[in-house]
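Read the numbers this way: they start at 1 and go in the same order the structure lists the ligands and their atoms.
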Amino acid sequence: MEQLLQQVEAYKKEIAEFSADKNPAETFRIKYLGTKGLVKSVMAEMKNVPNEKKREFGQILNEFKIFAEKRYEELKQSTDNSQPATDNSIDLTLPGDALPLGSRHPISLVKNKIISIFQRLGFAVAEGPEIEDDWHNFTALNLPEDHPARDMQDTFYISHPASGGTDWMLRTHTSNVQVREMEKGKLPIRIICPGRVYRNETISARAHCFFHQVEGLYIAENVSFADLKQTLYFFVQEMFGQEVKVRFRPSYFPFTEPSAEMDISCLICGGEGCNICKHTGWVEILGCGMVHPNVLENCKIDSNKYSGFAFGMGIERIAMLKYQIKDLRLFSENDLRFLKQFTSAV
Ligand code: DAH
């Protein structure tokens with residue numbers, strides 16, 4: 001029994017001083033706490049202890065076991081926290097792998113900016129179909145069949161045996177959404193309609209067979225041309241800066257009367273005259289006007305009671321001016337070298 005006590009004391013000393021170069025906790029566990037470990041073999045000595053001593057020795061051996069287990073926990077913790085990097089372990093002090101950040105497409109950036117400016121004026125976003133019928137794309141907008149203004153927009157028609165006689169087409173402008181909103185009959189209306197449009201154009205630096213527009217529509221009682229001008233002036237200043245000037249030129253659209261086109265002072269030369277503005281000092285950015293009474297009536301709105309303004313602009317055009325992009329094709333080619341340049345919001 002004396003010998004057993006001495007052995008326990010010696011092991012305790014050994015355990016307290018235990019160290020190992022590699023995996024000290026695991027080495028310790030195998031040596032002392034495993035099935036063939038020292039603690040187990042010491043505990044097995046209990047069967048040799050005479051009955052009257054069993055209580056006393058039981059306590060001593062139990063304490064020894066707890067002592068070894070505590071030491072194991074200690075070693076485990078210091079391995080977790082401060083184990084220096086070895087060849088096959090992970091160095092937690094190294095910086096992590098950088099996750100490459102994506103960037104929004106410039107068309108989305110500009111579209112979101114346009115939306116947020118008009119939302120501040122109380123405009124809600126409305127959307128409509130890209131495959132449209134003749135009524136919503138043309139006829140309701142005061143372009144009856146055979147109207148020469150239909151030639152202003154080269155239309156992609158869709159013929160399909162299942163079309164049931166409807167003339168389907170890819171919408172040539174987002175103005176179809178204003179018709180759909182007016183037909184809902186809920187007044188007043190204050191919406192902007194962003195979306196993709198299609199035209200049968202030869203692809204070049206200045207034209208594409210699809211592009212994006214934002215349509216605007218405000219219908220209420222007593223809406224005037226002054227409201228239209230002020231709304232668009234606010235938009236331009238928010239979009240391009242306070243120093244930008246605007247001018248309205250008389251124009252023609254079948255769905256508005258009177259109609260106008262709006263120019264802004266050239267952002268490149270500030271109005272002095274340069275290649276971008278073709279030495280005029282002005283660049284055109286949108287079409288607009290007071291909604292034609294025929295359009296209101298086509299959508300079952302009383303044109304004696306209500307009036308409204310509408311406008312439509314190309315998002316690509318705004319983006320080209322904003323970022324000084326010279327070729328429209330860049331927007332649809334998905335060249336990462338181009339797209340990566342637009343990492344922050346406008
Ligand atoms: N829909 C016209 C186009 O695609 C743009 C436009 C002009 C829309 C005047 C309007 C407007 O609502 O009033 O060229």
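Counting the atoms of ligand 1 from 1 in the order shown, those under 4.0 Å from a heavy atom of C288 are 9 (C), 11 (C), 13 (O). In summary, the atoms of ligand 1 found under 4.0 Å from a heavy atom of G289, numbered by their order in the structure, are 13 (O). Within the listing of ligand 1, atoms 12 (O) sit less than 4.0 angstrom from a heavy atom of Q178. Below 4.0 Å from some heavy atom of Q213 lie the following atoms of ligand 1, by number and element: 3 (C), 4 (O). Ligand 1 places these atoms under 4.0 Å from at least one heavy atom of T256: 13 (O). Every atom of ligand 1 with a heavy atom of F253 under 4.0 Å away is listed here by number and element: 7 (C), 9 (C). Every atom of ligand 1 with a heavy atom of S175 under 4.0 Å away is listed here by number and element: 1 (N), 8 (C).
Partners of F253 by ring-ring contact (aromatic ring centres under 6.0 Å, His included), not counting sequence neighbours, listed by chain and number: F255. In this view, E127 satisfies the salt bridge (Lys or Arg N to Asp or Glu O under 4.0 Å) rule with no residue, not counting sequence neighbours.
Look at E215 and R171 and you find no salt bridge, because none of the NZ, NE, NH1 or NH2 atoms lies under 4.0 Å from a carboxylate O. Using a cut-off of 4.0 Å between Lys/Arg side-chain N and Asp/Glu carboxylate O, K184 and E181 are scored as salt-bridged. Using a 4.0 Å cut-off between charged side-chain N and carboxylate O, R180 and E132 make a salt bridge.
What sits closest to atom 5 (C) of ligand 1 on the protein, heavy atoms only, is G312 CA, 4.0 Å.
The heavy atom nearest to atom 3 (C) of ligand 1, considering only M262, E215, R199, is found in R199.
Closest heavy-atom contact between I114 and M313: CD1-SD, 4.3 Å. Minimum interatomic distance between N298 and W135 (heavy atoms only, all atoms of both residues): O-CZ2, 3.6 Å. Nearest approach of T256 to G289, heavy atoms of both residues: CG2-C, 3.5 Å.
Neither the backbone nor the side chain of M313 comes within contact range of ligand 1; no heavy atom lies under 4.0 Å. With a 4.0 Å heavy-atom cut-off, ligand 1 is reached by no atom of H292. Residue A310 touches ligand 1 through backbone and side chain together, judged by heavy-atom distances below 4.0 Å. When non-hydrogen atoms are compared, ligand 1 lies under 4.0 Å from the side chain of F255 (C-beta onward) but not from its backbone.
Rounding to the nearest 0.5 Å places CD1 of I191 at 12.0 Å from CZ of F118.
For a threshold of 3.5 Å applied to N or O pairs, the pair formed by G287 and ligand 1 contains no separation below that value.
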